[in-house]
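Right, one structure below, let's go through it.
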2 protein chains.
Amino acid sequence: MSQAAVSLVLGDKWRGRVSEATAERVREAARRLDYRPNLAARNLRLGRTRTVLLVVPALTTEFFAGVYTGAARVAADHGFGVVLYPSPEGIGPARDPFASAQAALDGVLASSMAADALTAIRGDRLPLVMLDSDPHGSLGAATVNLDIADGTRQVADHLLGLGHRHFLHVAADIPSWTFDVRARELAARVRAVPGTTLRTTRTPMTIEGALAAAETALDTPGPHPTAVVCDDDKLAAGVYKALRRRGLRVPDDVSVTGVDDIALATALDPELTTLRLDAERFGEHGMHALLAVLEGRTPEQGDIPVHLVVRGSTGAPRPS
Amino acid sequence: MSQAAVSLVLGDKWRGRVSEATAERVREAARRLDYRPNLAARNLRLGRTRTVLLVVPALTTEFFAGVYTGAARVAADHGFGVVLYPSPEGIGPARDPFASAQAALDGVLASSMAADALTAIRGDRLPLVMLDSDPHGSLGAATVNLDIADGTRQVADHLLGLGHRHFLHVAADIPSWTFDVRARELAARVRAVPGTTLRTTRTPMTIEGALAAAETALDTPGPHPTAVVCDDDKLAAGVYKALRRRGLRVPDDVSVTGVDDIALATALDPELTTLRLDAERFGEHGMHALLAVLEGRTPEQGDIPVHLVVRGSTGAPRPS
DNA sequence: ACGGTCTAGTTATACGTAAAACCTCGTGGG
DNA sequence: CCCACGAGGTTTTACGTATAACTAGACCGT
């Protein structure tokens with residue numbers, strides 16, 4: 001029973017090379033010794049690791065947790081593992097560029113919101129698929145996107161249809177292609193209707209940040225917004241608090257919308273009208289695309305549709 | 001310039017073995033060729049990978065995301081990477097036990113809530129540290145715990161001190177040492193006071209689940225609870241909704257408490273009185289313990305303190 | 001009977017790194 | 001003058017796996 005025979009049997013490549021009797025002897029011995037293959041050696045030999053890196057801005061968001069879950073599920077189905085690289089803010093400055101991602105990698109799946117971290121790990125020399133980033137500007141890498149432009153139009157049309165004309169956009173202060181698209185698309189849609197106003201305020205992506213930003217915006221002179229469009233459900237929660245402090249009721253006085261549809265959206269009172277992003281599906285698509293690239297195929301094109309979930313936080317504006 | 005010299009210089013072990021001039025030549029060449037070491041080969045040679053596995057029940061909870069963040073930060077500080085293994089529910093049945101954790105591992109940090117997954121990956125033969133599990137029953141592995149028993153007493157004493165006598169415990173239906181401790185400690189504390197009642201309802205850890213469970217419990221005949229103790233902030237959100245539907249106000253009619261202090265807690269109206277668990281610190285402690293085990297040291301003992309954050313959801317019961 | 005083919009193996013090699021063991025000078029002390 | 005020694009290198013080996021290349025019989029048709 002040579003080492004080669006063992007390798008063949010355990011690698012399930014023994015048909016016609018090893019007799020059934022010997023194969024069984026090998027399996028029995030492996031069982032008895034509780035043998036485990038040395039992954040490092042296998043990786044070295046094969047020159048690939050079946051491990052990919054997922055780069056996300058921060059994990060403490062339900063959204064990216066969902067992206068991870070979807071990506072990891074697809075990866076597991078194809079015998080791949082997923083290593084996570086949350087951006088430096090969460091982890092601390094990457095001291096040694098190598099230390100952060102100890103695992104040898106086959107490819108990288110990266111959110112555009114963590115683009116700076118990308119160059120730090122030098123994922124740029126590995127097969128790369130970008131999540132949520134400019135299809136025309138991403139280093140030539142394949143891109144998987146949510147159809148956020150369409151989603152933004154759905155939000156705008158919903159509110160315009162209800163009769164709203166004065167908008168406040170509570171925007172995330174993170175530089176990112178996605179948020180740029182949202183701002184642009186919202187402005188385009190709103191301004192297409194005569195007599196509308198659109199104000200924008202930027203805030204860190206926390207409830208407290210949005211609370212402060214919304215209060216400032218509400219105190220600013222000018223036409224009072226009857227609809228507040230938030231870049232994120234969490235921001236909407238902050239807006240709820242700001243409105244409550246001003247004695248304004250949702251949706252009677254002001255309508256509010258979010259983006260993501262995380263658990264928080266239905267915890268709010270009234271439940272939040274929000275743009276549902278299917279985070280897991282996003283992660284799945286991204287991983288499928290990366291696996292395609294790794295196999296030399298070209299990944300499927302096409303943005304992932306998103307849709308508006310209308311709940312209790314939006315209604316017709318008070319006739320003024 | 002031999003390969004050995006290169007290895008010495010790049011491994012920063014060249015003092016007295018290689019001249020400064022040669023060292024510089026090596027570094028220059030490495031830079032020019034954009035050399036990256038092959039991690040698989042290094043892992044094979046050294047027999048260790050500087051990679052550990054974190055096993056958590058699901059990532060879509062802010063709490064475990066925090067645990068990961070803390071653990072990953074400490075790991076990175078020590079040149080370690082962290083691979084994640086969310087439990088099968090999130091990922092799908094682990095087909096090949098090896099496939100799930102492709103990376104070769106040095107150790108495992110595992111939440112007790114995913115104990116079954118542990119044997120699947122056979123982390124049991126690697127250095128192991130358990131998070132939140134019975135110190136006396138965990139395979140002899142080191143254990144890092146939050147002082148959840150003390151925390152539960154803080155919650156109970158707070159409510160008892162306000163005058164509450166009739167309690168509803170909205171408990172997670174996940175079998176776990178932590179949740180058992182909570183139930184036991186709560187019951188002990190409440191029953192120590194004469195004239196009290198304590199009812200318990202179990203629910204999946206979702207807002208909808210808690211909503212349904214709370215509604216059922218509220219409709220059950222018997223003394224009406226004036227205080228609802230939830231195993232989790234998300235469950236508390238469901239309880240808020242149930243109370244709202246019954247026309248009961250928080251905290252005037254019913255007080256509510258949670259556990260975790262995630263963002264959701266301050267998004268609720270009124271803000272939730274909750275037991276703050278410092279998830280990141282928990283992850284940091286766990287990783288420190290695991291690193292200690294890996295170095296042959298014995299990890300520090302002692303539970304991590306938790307403390308009650310009193311907000312607007314608790315108050316004195318209505319005099320009846 | 002003999003070359004060819006098939007079966008069931010074994011032997012040998014490569015992957016890239018770290019580090020032990022070995023080599024070769026030049027220098028300083030006795 | 002010779003030897004020990006240290007500085008500065010180089011050669012060699014080992015890690016565990018996958019697989020290409022080789023080998024030894026057994027069997028088959030002509």
Inset, instruction - May I ask you to say whether B:E20 pairs ionically with B:R27, meaning some side-chain N is under 4.0 Å from a carboxylate O? - result: yes

Legend entry - Stretch residues 3-12 of chain B: residues that reach within less than 4.0 Å of DNA chain C through a heavy atom: B:Q3, B:A4, B:S7

Inset, instruction - Give A:L46 one of three labels, base, sugar-phosphate or nothing, depending on what nucleic acid heavy atoms sit under 4.0 Å from its own. - result: sugar-phosphate

Legend entry - Proximity to DNA chain D (any heavy atom under 4.0 Å), residues of residues 13-26 of chain B only: B:R17, B:V18, B:S19, B:T22

Inset, instruction - Please state how far atom CG in A:N38 lies from atom P in D:dT17, giving the value in whole angstrom units. - result: 6 Å

Inset, instruction - Assess whether side-chain contact (heavy atoms from CB on, under 4.5 Å) is satisfied between B:I174 and B:M205, documenting all intermediate values. - result: CA-CA 8 Å; B:I174 300 177; B:M205 300 201 64; 3.5 Å; yes

Legend entry - Residue list, salt bridge (charged side-chain N to carboxylate O under 4.0 Å, His left out) with A:E300, at least two apart or on another chain: none

Legend entry - Distance-only donor-acceptor check, side chains A:T49 and A:N43, under 3.5 Å: no

Inset, instruction - Spell out, as yes or no, whether a donor-acceptor pair under 3.5 Å connects the side chain of B:R50 to the backbone of B:G81. - result: no

Inset, instruction - Report yes or no: is the cationic atom of A:R25 (NZ for Lys, CZ for Arg) under 6.0 Å from the centre of the six-membered ring of A:W14, at an angle within 45° of the ring normal? - result: no

Inset, instruction - Please determine if A:R31 and A:E24 form a salt bridge, counting it only when a charged side-chain N lies under 4.0 Å from a carboxylate O. - result: yes

Legend entry - B:L44 CG - C:dT17 P separation (whole Å): 12 Å

Inset, instruction - Check the distance between C:dT11's P and A:M1's CE and give it to me in whole angstrom. - result: 14 Å

Inset, instruction - Specify the separation, in whole Å, of atom CG of B:N43 and atom P of C:dT17. - result: 12 Å

Inset, instruction - Please work out whether the ring planes of B:H78 and B:H288 are parallel, tilted or perpendicular, with thresholds of 30° and 60°. - result: perpendicular

